[in-house]
Undergrad: 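One structure coming up, written as structure tokens, with questions to follow.
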Amino acid sequence: MKLLISLLLLVPSLPLTAEVWTAGDCPNEHAAERAELKKRLLAAEPGSELYLPHPFPATDEQAVEDFLVAHRRVIDRQEGDVLPDDRRFFETVDAGQARFVVSRVANWTPSRCGPRYETNFYFLVRVFDERNGEEITRAAIADSGQIFQLMHRPENKSDAAFAISELPKLHLPASFGRASAAQYVQTTGPTLRCPALKPCIAFKSGGRTYLSVRSRLYRLETEEPISYPESFATPRARAAFLAVREGRPEAVVSLGGDRMALAIPVAP
């Protein structure tokens, strides 16, 4: 069945910055591999596992359509009954009762500079049931259009696990009047993380970079990045790195590729 996204209610995100930004460039060592995979994705035809109607979507609407096509393809090839959560999702979509809210999230995890993609950002797609206003699904869609994480709200179970994934509102602390370029970001540890389906907020102010994580604010030491390979090459190196910081207030977060940074707590 052809999906008509124009019939679905899609609410565009309203970020404070139009473009995502990163804290460093990726090396070119995997450029050929990335180019080859991109070529395959762009050339994929209907029936292929790689096929998407809009590879590397340029708009929120295209990202939503890619998501629906890819998710339905997974369901169609399943054997046996469709899970209740998946069935409710597609019933809501097919009834024209789905409302989509899309945000672009900067990818600051090591995967940003991976051999397959240079994935600077992804689309965070939130799906609401218009009949009761409930968020029923959240998905992370790579900039290529492929799904890499998906969560449905359980229909017949406690929704406590889903409730903790409420998305923080994209705003700047009142005390940072000259701050700019606020965006959602995904980061990973080793001591602080912002998951793909519950990103944090990063912004710039006075030439510095800040990260807001669950009501706590950190200043990132991006000018003196930490090398992940050097600090975590062996279990002994990892233990030594973390032991030095045990009991100290700062955290360590990824910036993308093999770069990490100290995150210094500051008053909001």
Undergrad: State, without any angle test, whether Arg112 and Ser254 hold a side-chain donor-acceptor pair at a distance under 3.5 Å.
TA: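 Checked: Arg112/Ser254 side chains show no N/O donor-acceptor pair below 3.5 Å.
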Undergrad: Decide side chain to side chain contact (heavy atoms under 4.5 Å, CB included) for Asp86 and His152; before the verdict, give the C-alpha distance in whole Å, the side-chain angles of both, and the deciding distance to 0.1 Å.
TA: CA-CA 7 Å; Asp86 289 317; His152 292 306; 2.8 Å; yes
Undergrad: In a check of ring-ring contact (aromatic ring centres under 6.0 Å, His included) between Trp21 and each of Tyr184, Phe203, Trp108, which one passes?
TA: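 It is Trp108; the other options fail the test.
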Undergrad: What distance do Thr222 atom OG1 and Leu262 atom CG have between them, rounded to the nearest 0.5 Å?
TA: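 These two atoms lie 11.0 Å from each other.
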Undergrad: Would Tyr218 and Tyr210 count as a close aromatic pair, with their ring centres under 6.0 Å?
TA: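 Ring centres of Tyr210 and Tyr218 not closer than 6.0 Å.
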Undergrad: Do Arg73 side-chain atoms and Glu49 backbone N/O form a donor-acceptor pair below 3.5 Å?
TA: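 Such a contact is found between Arg73 side chain and Glu49 backbone.
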Undergrad: How about Phe89 and Phe67: are their ring centres within less than 6.0 Å of each other?
TA: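 Yes - the distance between ring centres of Phe89 and Phe67 falls below the 6.0 Å cut-off.
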Undergrad: Could you go step by step and tell me if Arg87 and Asp94 meet the salt bridge (charged side-chain N to carboxylate O under 4.0 Å, His left out) rule?
TA: CA-CA 10 Å; Arg87 183 170 60 250; Asp94 293 340; over 6 Å; no
Undergrad: So, Glu134 and Arg153, do they make that salt bridge, N to O below 4.0 Å?
TA: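 Yes, this pair counts.
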Undergrad: Tell me which one of Glu130, Arg131, Arg99 satisfies side chain to side chain donor-acceptor pair (under 3.5 Å) with Thr92.
TA: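 Going through Glu130, Arg131, Arg99 one by one, the side chain to side chain donor-acceptor pair (under 3.5 Å) with Thr92 is satisfied by Arg131 alone.
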Undergrad: Return yes if some donor-acceptor pair links the side-chain N/O of Ser48 with the main-chain N/O of Ala44 below 3.5 Å, else return no.
TA: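 Side chain of Ser48 to backbone of Ala44, a donor-acceptor pair under 3.5 Å: no, none is there.
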Undergrad: Starting from the C-alpha separation in whole Å, work towards a yes-or-no answer on salt bridge (charged side-chain N to carboxylate O under 4.0 Å, His left out) for Glu221 and Arg219.
TA: CA-CA 7 Å; Glu221 298 293 341; Arg219 185 184 73 250; 3.0 Å; yes
Undergrad: I'd like to check Arg214 versus Lys198 (side-chain heavy atoms, cut-off strictly below 4.5 Å). Are they in contact?
TA: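 A side-chain contact exists here, since the closest heavy-atom pair is under 4.5 Å.
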Undergrad: Decide yes or no for Phe128 and Val101: does some side-chain heavy atom of the first lie under 4.5 Å from some side-chain heavy atom of the second?
TA: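 When only atoms from C-beta onward are counted, Val101 and Phe128 do touch, with a gap below 4.5 Å.
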